[in-house]
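Since the structure comes first, as structure tokens, the remarks are kept for the end.
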Number of protein chains: 2
Amino acid sequence: MIKFDEKDRKLLAMLQEDSKNTNKEYANKLGLSTTAVYERIKRLEKSGVITKYVALVEKKKVNKAFVVLCHVKLIQHTKDNVLQFEREILKIEEIVECYHVSGDYDYILKIHVEDMEAYRAFMVSKLTAIANIGSTQSTFIINEVKHTTAIDV
Amino acid sequence: MIKFDEKDRKLLAMLQEDSKNTNKEYANKLGLSTTAVYERIKRLEKSGVITKYVALVEKKKVNKAFVVLCHVKLIQHTKDNVLQFEREILKIEEIVECYHVSGDYDYILKIHVEDMEAYRAFMVSKLTAIANIGSTQSTFIINEVKHTTAIDV
DNA sequence: AATGAAACACTTCTGGT
DNA sequence: ACCAGAAGTGTTTCATT
């Protein structure tokens, strides 16, 4: 397991906040040269700590602001059934997250659609079209209080 | 509301998948010049469709692979109580997501910690230290089947 | 591990269609 | 909106400590 010093931690925090700054700026804030920053970033990438760099998109601007958490229970829990279900989930673009969880339900999904009507259509033609789904329960998100992609290191 | 053509859609998909490619590469895939790509990206940024560029970090590599969904019910629901609760949530680094939801509970939180012991410590000293929390129910994530930051446009 | 300076690549601007 | 080419800026390599 890779070891971080304080500068690595600060650098990771900055990269998770804004990856488009220049190495010079990171260097200034860390009290290092651009080359030192460059080498630290490469080390974080090669060790697998940083997996990718992405653009984040505002849901409201692309008509996907209606967010639903859906609890799903399967009928059968054989290995094949479970794997088949998970394969189907990966193919459905409206599902942005899917977790296998402990408790009363088997899975919790997060779904992004335009509005309630689009959600109804999604449920009818996409989600419940998957075999082996026993029951579902939808929880609608009224407000997103906090949502960060950054992990505190 | 900004209008997208097919090239904007493809460009957004590529930027959400990997924002560190060069404009030349995006240009090649879209059949445009680097300048045209540059201008389209600037338009997406200025219109607020792209909100930021970030590095994504692998939870397992930074000892934050224990993920819990916690349902929270408040005692009082006056405006001040709610705002106070939401302010506290923003300050707690282990909480990466917080949604105000419909249904039996008021909020659903997503929490990243190292392990069960760290979760226990988090519950005792951070979460339940917030005033006005009525009840909590924790759902442990056994497996992350899908998790993408990309929204289909 | 770190540095400054050189070499290289990419982004951004300009002028024109 | 688009393009080609110039100018500016950032990244990456290298020799050195």
Side-chain angles (χ1 to χ4, degrees), chain A residues 1-64 148-153, chain B residues 1-64 148-153:
Chain A
M1 187 70 89
I2 183 173
K3 275 285 163 213
F4 307 111
D5 65 13
E6 204 43 47
K7 286 179 202 272
D8 287 321
R9 261 182 272 276
K10 280 184 183 158
L11 180 54
L12 264 180
M14 292 191 285
L15 291 169
Q16 287 187 98
E17 189 53 43
D18 180 2
S19 61
K20 274 284 167 74
N21 272 153
T22 62
N23 288 350
K24 199 176 193 171
E25 260 182 86
Y26 301 132
N28 285 154
K29 287 180 182 159
L30 294 172
L32 289 172
S33 67
T34 60
T35 311
V37 168
Y38 173 79
E39 281 166 357
R40 278 172 185 263
I41 292 175
K42 286 297 160 223
R43 195 170 59 91
L44 291 168
E45 290 169 0
K46 282 180 186 137
S47 62
V49 172
I50 294 174
T51 54
K52 44 159 55 171
Y53 296 90
V54 300
L56 297 183
V57 164
E58 175 60 52
K59 290 190 293 295
K60 286 171 191 154
K61 297 278 183 176
V62 295
N63 279 324
K64 293 287 173 91
T148 178
T149 54
I151 302 173
D152 189 69
V153 179
Chain B
M1 186 71 89
I2 183 173
K3 274 285 161 213
F4 307 110
D5 65 12
E6 203 44 47
K7 284 178 205 270
D8 287 322
R9 259 181 272 277
K10 280 184 184 161
L11 180 55
L12 265 179
M14 291 191 286
L15 290 169
Q16 288 188 97
E17 188 53 43
D18 180 3
S19 62
K20 273 285 166 75
N21 271 153
T22 61
N23 288 351
K24 199 177 194 171
E25 260 182 88
Y26 301 132
N28 284 154
K29 287 184 182 157
L30 294 171
L32 289 171
S33 67
T34 60
T35 312
V37 167
Y38 173 77
E39 283 166 356
R40 279 172 184 261
I41 292 175
K42 285 300 158 220
R43 196 170 59 89
L44 290 168
E45 289 169 2
K46 280 179 187 136
S47 63
V49 172
I50 294 174
T51 53
K52 45 158 56 171
Y53 295 90
V54 301
L56 297 183
V57 164
E58 174 60 51
K59 291 190 293 297
K60 287 172 192 156
K61 298 277 183 176
V62 295
N63 279 326
K64 292 287 172 92
T148 177
T149 54
I151 302 173
D152 190 68
V153 180

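By convention in this document, chain letters (A, B, ...) are assigned in the order of the sequence lines, proteins followed by strands, and residues within each chain are numbered from 1.
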Exercise. Whole Å only: how far is the CD atom of A/E39 from the P atom of D/dT11?
Worked result: 14 Å
Seminar exercise, completed: Tested for side chain to side chain contact (heavy atoms under 4.5 Å, CB included) against B/V37, the lone hit among B/T35, B/T34, B/I41 is B/I41
Seminar exercise, completed: Side-chain contact check for B/T22: nearest option of C/dC10, D/dA4, D/dT12 is C/dC10
Exercise. Between B/Y26 (OH) and C/dT11 (C1'), how many Å, whole number?
Worked result: 13 Å
Exercise. Would you say A/R43 reaches C/dA1's phosphate, i.e. side-chain N/O to OP1/OP2 under 4.0 Å?
Worked result: no
Problem set entry | Residue whose closest nucleotide on DNA chain D lies nearer the 5' end, B/D5 versus B/T34 | B/D5
Problem set entry | Spacing between A/N28 atom CG and D/dG10 atom C1', to the nearest angstrom | 14 Å
For this session: Can you tell me the distance, in whole Å, between the NZ atom of B/K42 and the C1' atom of C/dC13?
Result: 12 Å
Problem set entry | B/V54 vs A/E17 side-chain heavy atoms within contact, under 4.5 Å | no
Exercise. Mind checking whether A/L12 and A/I50 have side chains closer than 4.5 Å, heavy atoms only?
Worked result: yes
Seminar exercise, completed: Atom CG of B/N23 and atom P of D/dC3 are separated, to the nearest Å, by 13 Å
Seminar exercise, completed: Per atom distances to the A/Y38 side chain, the nearest of D/dT11, C/dT12, C/dA2 is D/dT11
For this session: Round to a whole Å and report the spacing from NZ of A/K20 to C1' of C/dC10.
Result: 11 Å
Exercise. Got a salt bridge between A/D8 and A/R40, using NZ or NE/NH1/NH2 to carboxylate O under 4.0 Å?
Worked result: yes
Exercise. Can you check the A/E25 CD to D/dT9 P distance for me, whole Å?
Worked result: 14 Å
Problem set entry | Interatomic distance where CG belongs to A/L30 and P belongs to C/dT3 [whole Å] | 10 Å
